[in-house]
Asks: 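Pasting in a structure now, in structure tokens, and then I'll have a few things to ask.
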Number of protein chains: 4
Amino acid sequence: MRVKDDKKHQAICDAAIELITTKGFADTSMSKIAKAADVSPATIYVYFENKEDLLNKIYLYVKEQTSRELLNGVKEEMSVKEYIKTVWYNFYKYAKKNPINFSFGEQFANSPLVDGISKEESLRYFQPMLDIFQRGKSEKVLKDIPLEIFAAFTFEPLKILLKQHFSEDFKLTKKHMETVFDIAWDAVTN
Amino acid sequence: MRVKDDKKHQAICDAAIELITTKGFADTSMSKIAKAADVSPATIYVYFENKEDLLNKIYLYVKEQTSRELLNGVKEEMSVKEYIKTVWYNFYKYAKKNPINFSFGEQFANSPLVDGISKEESLRYFQPMLDIFQRGKSEKVLKDIPLEIFAAFTFEPLKILLKQHFSEDFKLTKKHMETVFDIAWDAVTN
Amino acid sequence: MRVKDDKKHQAICDAAIELITTKGFADTSMSKIAKAADVSPATIYVYFENKEDLLNKIYLYVKEQTSRELLNGVKEEMSVKEYIKTVWYNFYKYAKKNPINFSFGEQFANSPLVDGISKEESLRYFQPMLDIFQRGKSEKVLKDIPLEIFAAFTFEPLKILLKQHFSEDFKLTKKHMETVFDIAWDAVTN
Amino acid sequence: MRVKDDKKHQAICDAAIELITTKGFADTSMSKIAKAADVSPATIYVYFENKEDLLNKIYLYVKEQTSRELLNGVKEEMSVKEYIKTVWYNFYKYAKKNPINFSFGEQFANSPLVDGISKEESLRYFQPMLDIFQRGKSEKVLKDIPLEIFAAFTFEPLKILLKQHFSEDFKLTKKHMETVFDIAWDAVTN
DNA sequence: AATGAATGAGGCTTCATTCAT
DNA sequence: CATGAATGAAGCCTCATTCAT
């Protein structure tokens, strides 16, 4: 039985995510996280080794949450297209529902703050995506291109457009979504 | 009186760019920049009002340099495809030649540290790209889609792959470049 | 958790008062106060919001201490003259006993560093003096003059002479005190 | 013939006085004085050894100017009362005409920033006041009290009330002036 | 004489972290 | 487990002054 208080752990994570996405990284200190989580600064160190550890754990937490949502309603029997389209729209729905978590994940994706280990581990969650990519290739539905190029024309454009959507530079409508998916699908299929 | 030393200005900019791209933003302080530029911390304030001003000016400097390189060898008479392909490869060449500046620009693109004014002004440099996009649409070569979607399937994939290339997650070869351009071109043309 | 240490709070106040009165205001920095109080600079910020807050709080603290001493042995039944004379000598005794606090109070009285709120609040402590002044006027003992003029010929001369006493320009003896009180009393009475 | 530019010297002094009285001492740096005087920081060092020297020289300059004004229209043949009354009103007129210089002088009177030498030298200018004080005593018009006590009941009350006038805590009218002079005169005469 | 560039020292404040209860 | 106190290091920036022209 653990005595540590899950509520506090959660409050700290939430506060950190919220602060980082709204105020930016430079303005997010341990004390501010503590204050926002209504907790003592020292308490953070009960749950996390240090700031780096906190950030890494949060990163993993967000990634895991994301990947769980991505597989909603997905079934092995689906065709490659159905499968990918479902994941695609799941991602869209997730981002719209959790804009803060989405932004957080994006902000950290290319940051030197997240160490190699965490990045690698975060890949684990995306195993199902890798599997479907391989199946698509072996079924000759998808072009024979590296995974990176596949991603660069499918989920990356979606991410970029969502980012712009949240920064209010561009409004990503449902109509756009259809167009964008069609373009992406054409791009990576034979 | 002493005269303002362009060497010093340049040294400060170079040091800042190098530090930010290699050590990350959080680990780049004014005094570290000063040390790297072999200059007193106070000297930075002779050339820049404060840290924010320094970052904005450097951002604009890099953007301007980038956009200048992008238009190398570009001519009005070119077809839309030739034009875009030239810019596309220019971007590739530029990134390979100036990996640090490229990374810097990417890191700052979505940062709250660059104020609105600088972002707006940086758009000015990309006017030629907007023009060719409009021409492509009016010539019915390009699909009738918003600029953002166009970019999301052309230059954004290239950026992503270059980023991965520099972070050594993926090697972007010349061969890949051809594939990638073809996919991009197919994606955004009728 | 550690408990807030009143000793530290006091040490910081004492150090600040001592430094300001002896070295002058311009030479009193937060780090010097910290060093004199044998405390880390950061510790000051546990007890005070910032430098301005520190100065205001100390100002109020000194003012309150002063006003408390002024009313020693004072009774409502006293005649106006007895009352004022008692306060008068109390002020003298206080200044002689706490030269540093006296000097501190004087140095700050007309300083822009003490914000309006603190000045107003400091007036609260002097309410008894205002009351006796009004009583003196209604009893026709005191001349019908504004408070400011009353003060300018009673406590202000005393302050000035005490200041000169401490700066060793002039020695204010007990004998002088009697003379000075007599002059002051004559000046403001009918 | 001196080549130094008196205009610049004057501009520096004026700027310093203005800044110190309006923005306070802590916010008055050499660079700010230079900027306000439309001069390079280095230029100040052509005219003054360092900051301390600048402040001392300005203090003397203001004191000298003040004492010159005080003797306006004063004649040896005047009675002690006429003489002192004239000086008294001269001081009032001077303060009203040059509020900034007046405030400056007051601000510095008890400051550790003005070294002993300057203070002593500033006394030189007030010799005529000492002379009339001695004459008043030998003529048995004035009480046989030390100079300091004499000043504490004559010019000091006036200074205090002027200070309050300028800080808008109290309006010192012509009517008040008559009352105040009468009180002062009564206080120090037999 | 006059100046803008240049700077080491130091200003105030916040940081990530540990201490002691 | 939980905490507010405590802190050395470091953050950004300005200062008084000197340099070099």
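Per chain, numbering begins at 1; letters A, B, ... match sequence-line order. Computed from a prediction, not measured in an experiment: that's the story for all the values here.
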Asks: Take B:T28 and C:V39, find for each the nucleotide of DNA chain F with the closest heavy atom, and name the residue whose nucleotide sits nearer the 5' end.
Replies: C:V39
Asks: Flag the pair B:F102 / B:F166 as yes when their ring centroid distance falls below 6.0 Å, and as no otherwise.
Replies: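 For B:F102 and B:F166, the ring centres are under 6.0 Å apart.
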Asks: To the nearest Å, give me how far apart CG (D:D53) and P (F:dT17) are.
Replies: 10 Å
Asks: Rounding to a whole Å, what distance do you find between B:K8:NZ and E:dA5:P?
Replies: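 The distance from NZ of B:K8 to P of E:dA5 comes to 12 Å, rounded to the nearest Å.
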Asks: Which base sits across from E:dA1 as a Watson-Crick or G-U pair, both distances under 3.5 Å?
Replies: none
Asks: Taking atom P of E:dT17 as reference, at what distance in whole Å does atom CD1 of A:I33 sit?
Replies: 11 Å
Asks: Output yes when at least one side-chain N/O atom of A:S31 is less than 4.0 Å from OP1 or OP2 of E:dT14, else no.
Replies: no
Asks: Please report the closest heavy-atom contact between C:I20 and C:L55, naming both atoms and the distance.
Replies: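 C:I20 and C:L55 have their closest heavy atoms at CD1-CD2, 3.7 Å.
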Asks: Determine the minimum heavy-atom distance between C:T21 and C:Q107, stating which atoms define it.
Replies: CA-NE2, 4.2 Å
Asks: Just checking, is any N or O donor in the side chain of C:Q10 or C:D14 under 3.5 Å from an acceptor N or O on the other one?
Replies: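 Distance-only check passes for C:Q10 and C:D14.
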Asks: Once hydrogens and angles are ignored, does a donor-acceptor distance under 3.5 Å link the base of F:dG8 to the side chain of C:S40?
Replies: yes
Asks: Quick check for you: among F:dC19, E:dA6, F:dA2, whose closest atom lies nearest to any side-chain atom of B:Y47?
Replies: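 Nearest to the side-chain atoms of B:Y47, counting from C-beta on, is E:dA6.
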Asks: Measure CD1/B:I44 against P/F:dT14 and give the value in whole Å, please.
Replies: 13 Å
Asks: Take the protein atom CD of D:E49 and the nucleotide atom P of F:dT18, then report the distance between them rounded to whole Å.
Replies: 11 Å
Asks: So, OP1 or OP2 of E:dG11: does either fall under 4.0 Å of a side-chain N or O from C:K51?
Replies: no
Asks: Quick one: is F:dA10 close enough that its OP1 or OP2 comes under 4.0 Å of any side-chain N or O from B:S29?
Replies: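 Negative; the distance criterion is not met.
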Asks: Between C:P41 and A:M30, name the one whose nearest nucleotide on DNA chain E is closer to the 5' end.
Replies: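 Whichever sits nearer the 5' end wins; that is C:P41.
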Asks: Of the nucleotides E:dC12, F:dC19, F:dC12, which one has an atom closest to the side chain of C:Y45?
Replies: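 The closest nucleotide is E:dC12.
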Asks: In whole angstrom, what separates A:L55's CG from E:dT17's P?
Replies: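 My rounded result for the distance is 10 Å.
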Asks: Where the side chain of C:V46 is defined as all heavy atoms beyond and including C-beta, which of F:dT7, E:dT17, F:dT17 is the nearest nucleotide?
Replies: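 Between F:dT7, E:dT17, F:dT17, the one nearest the side chain of C:V46 would be F:dT7.
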Asks: Expressed as a whole number of angstroms, how long is the span from C:L54:CG to E:dG11:P?
Replies: 15 Å
Asks: Expressed in angstrom and rounded to an integer, what is the separation of B:D38 atom CG from E:dT7 atom C1'?
Replies: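 These atoms are roughly 13 Å apart.
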Asks: Among E:dT17, E:dT3, E:dC15, find the nucleotide with the atom closest to the side chain of A:K32.
Replies: E:dC15
Asks: So, do D:Y61 and D:H9 have ring centers that fall under 6.0 Å from each other?
Replies: no
